[in-house]
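Step one of this worksheet: look at the structure below.
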Amino acid sequence: NAGVTQTPKFQVLKTGQSMTLQCAQDMNHNSMYWYRQDPGMGLRLIYYSASEGTTDKGEVPNGYNVSRLNKREFSLRLESAAPSQTSVYFCASSDEGIQETQYFGPGTRLLVL
Amino acid sequence: KNEVEQSPQNLTAQEGEFITINCSYSVGISALHWLQQHPGGGIVSLFMLSSGKKKHGRLIATINIQEKHSSLHITASHPRDSAVYICAAFNTDKLIFGTGTRLQVFP
């Protein structure tokens with residue numbers, strides 16, 4: 001039982017490049033989330049998926065897209081990376097809804113040059 | 001002013017000390033979470049509470065809805081408790097995170 005897994009752990013991009021961050025959970029959770037964490041700021045929600053087949057914008061969605069591929073997997077795509085997207089990205093999941101206990105992945109550290 | 005504020009921002013303690021971390025919020029909430037972020041970056045949920053008090057091992061979380069305040073206490077602190085502790089308030093349909101309290105416990 002791996003919980004929530006994320007790949008890659010670390011990535012360096014040049015401005016304008018694209019990439020997809022992968023997230024998978026094996027807890028049969030309905031809801032999944034993508035957050036970013038920046039120094040001096042609290043975690044901020046980028047996108048979430050309340051259930052398979054649905055996605056919604058969070059607090060900071062600009063520059064990102066998501067895909068809820070199936071119940072297990074929720075990916076985050078940066079179409080044209082910008083230095084402002086340098087951050088640590090966390091995927092999380094919960095059984096039912098954002099108010100429930102969330103289980104976090106190990107994070108992806110992204111540097112955009 | 002942030003809707004969720006934590007104090008102190010940084011805290012150092014000697015092993016064995018009793019630790020208190022505070023979280024105040026300015027919005028109406030229906031639940032509050034405490035999370036622990038390890039030095040390696042991983043985040044673990046510790047508590048979710050909407051009233052009263054919860055205890056797990058040496059950790060105790062309390063909340064006073066009327067005063068819009070929650071505390072996380074650590075009894076008999078240990079160096080392995082060194083981490084960033086984050087509170088997050090659930091308001092309507094979103095989770096608002098504090099910026100965290102960095103705790104270092106020295107032997």
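Heavy atoms only: backbone and side chains are in, while hydrogens, waters and symmetry mates are out. Sequence lines set the chain letters: A, B, ... in the order given, protein chains first and strands last, and positions in each chain run from 1.
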Compile a table of inter-chain donor-acceptor pairs under 3.5 Å between chain A and chain B, counting both main-chain and side-chain atoms.
from	atom 1	to	atom 2	distance (Å)
A/Gln37	OE1	B/Gln37	NE2	3.0
A/Gln37	NE2	B/Gln37	OE1	2.9
A/Gln99	O	B/His33	NE2	2.9

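- Neither B/Leu46 nor B/Ile86 shares a network with the other; the hydrophobic side chains, linked directly or stepwise wherever heavy atoms of I, L, V, M, F, W or Y lie under 4.5 Å apart, form separate groups for each.
- No continuous path of ILVMFWY side-chain contacts below 4.5 Å connects B/Ile60 to B/Ile19, so the two sit in separate hydrophobic clusters.
- Only the side chain of B/Phe90 comes within contact range of chain A, judged by heavy atoms closer than 4.5 Å.
- Residue pairs that meet the disulfide (SG to SG under 2.5 Å) test with at least one member in residues 16-113 of chain A, sequence neighbours left out, are A/Cys23-A/Cys91.
- Transitive grouping of hydrophobic side chains (ILVMFWY, heavy atoms separated by less than 4.5 Å) keeps B/Leu59 and B/Met48 in distinct clusters.
- No continuous path of ILVMFWY side-chain contacts below 4.5 Å connects B/Phe97 to A/Val60, so the two sit in separate hydrophobic clusters.
- Interface residue B/Leu35: only side-chain heavy atoms are found under 4.5 Å from chain A.
- Residues A/Leu43 and B/Ile43 are in side-chain contact: their nearest non-hydrogen atoms beyond the backbone lie under 4.5 Å apart.
- For the pair B/Val44 and A/Phe104, the minimum side-chain heavy-atom distance is 4.5 Å or more.
- B/Ile21 and B/Phe47 fall within the same hydrophobic cluster, defined by Ile, Leu, Val, Met, Phe, Trp and Tyr side-chain heavy atoms under 4.5 Å apart, directly or through other members.
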